[in-house]
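Structure first, commentary second.
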Amino acid sequence: VIFARSHLWASPWHCRRACSLLAMSSMATRLKEYQRNMRPKKEDELNSGQIWGFFIGLYAFVHLLQYFDFLTLSLLAFVAFFIFRQIQLNWKQLMAVFQGTQSQPPPSKETKKPVRKKERSQ
């Protein structure tokens, strides 16, 4: 009986089937690993406000194409975005300056000198 079982494992059909199953399982594990790596991270997911903003902007762009040609509208959109980013950056810097001056307490006029070791021993 033991000889018959060992003989079954050595058959070419069983060896081919086992090799194909092994290849399929490694293929499945590679596919699962690929899907796991390609899954978006929590930070990468878009919220609904970003999605709505995209579709509204796309609608506005297509709607404005009836008044402007594509190149002019693209150039205007680029300039508007550049100006928007400049205003946003300047606003953040202005707020940082105002918050920085109001949150710090006024410096005291009396400053203590650090005590040196030589002055302590005398």
Side-chain angles (χ1 to χ4, degrees):
V1 177
I2 293 174
F3 176 76
R5 285 187 184 165
S6 65
H7 180 65
L8 285 176
W9 285 102
S11 69
W13 176 82
H14 186 68
C15 186
R16 276 185 270 150
R17 185 166 184 254
C19 291
S20 66
L21 285 177
L22 183 62
M24 285 176 47
S25 77
S26 67
M27 176 83 160
T29 55
R30 281 188 286 161
L31 185 60
K32 286 179 185 178
E33 184 70 26
Y34 177 73
Q35 286 176 342
R36 196 175 304 122
N37 290 340
M38 294 305 292
R39 188 176 304 143
K41 309 287 189 282
K42 294 280 184 182
E43 306 90 39
D44 294 342
E45 294 177 0
L46 299 175
N47 59 20
S48 60
Q50 291 170 323
I51 294 171
W52 276 105
F54 170 75
F55 282 116
I56 289 172
L58 182 65
Y59 175 78
F61 189 82
V62 170
H63 182 71
L64 288 173
L65 278 175
Q66 62 185 334
Y67 302 110
F68 303 101
D69 64 333
F70 181 76
L71 186 62
T72 306
L73 189 58
S74 299
L75 184 64
L76 288 174
F78 176 75
V79 170
F81 177 73
F82 182 75
I83 292 171
F84 169 75
R85 291 295 294 177
Q86 288 298 317
I87 292 171
Q88 189 179 31
L89 178 66
N90 290 337
W91 184 259
K92 283 183 182 180
Q93 289 176 349
L94 188 64
M95 288 296 116
V97 168
F98 281 129
Q99 290 176 354
T101 57
Q102 293 175 355
S103 64
Q104 294 176 352
S108 62
K109 293 183 180 180
E110 296 178 17
T111 56
K112 293 184 178 181
K113 294 181 180 177
V115 180
R116 297 181 184 161
K117 291 182 180 179
K118 292 181 182 179
E119 292 176 2
R120 272 194 246 166
S121 61
Q122 294 175 357

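Atom set for the values below is all heavy atoms of this structure, side chains included, hydrogens, waters and symmetry mates excluded.
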### Message
For residues Ile83 and Phe81: do they belong to one hydrophobic cluster (side chain heavy atoms under 4.5 Å, members Ile, Leu, Val, Met, Phe, Trp, Tyr)?
### Response
no
### Query
What distance separates Asp69 CG from Ser74 OG, expressed to the nearest 0.5 Å?
8.5 Å
### Message
Same cluster or not: Leu73 versus Leu75, using hydrophobic residues (I, L, V, M, F, W, Y) connected whenever any side-chain heavy atoms lie under 4.5 Å apart?
### Response
no
#### Entry: Criterion side chain to side chain contact (heavy atoms under 4.5 Å, CB included) on Phe70 and Phe61, from CA distance to verdict
CA-CA 9 Å; Phe70 181 76; Phe61 189 82; 3.7 Å; yes
### Query
Would you find a donor on one side and an acceptor on the other, under 3.5 Å apart, between the side chain of Gln66 and the backbone of His63?
yes
### Query
Can Leu94 be reached from Ile87 by stepping across I, L, V, M, F, W or Y side chains whose heavy atoms are under 4.5 Å apart?
no
### Message
My understanding is that only residues two or more places apart in sequence, or in another chain, count here; which of them pass ring pair (Phe, Tyr, Trp, His ring centres under 6.0 Å) with Phe54?
### Response
none
### Message
If I take atom CG from residue Leu71 and atom CG from residue Leu76, how far apart are they, to the nearest 0.5 angstrom?
### Response
9.5 Å
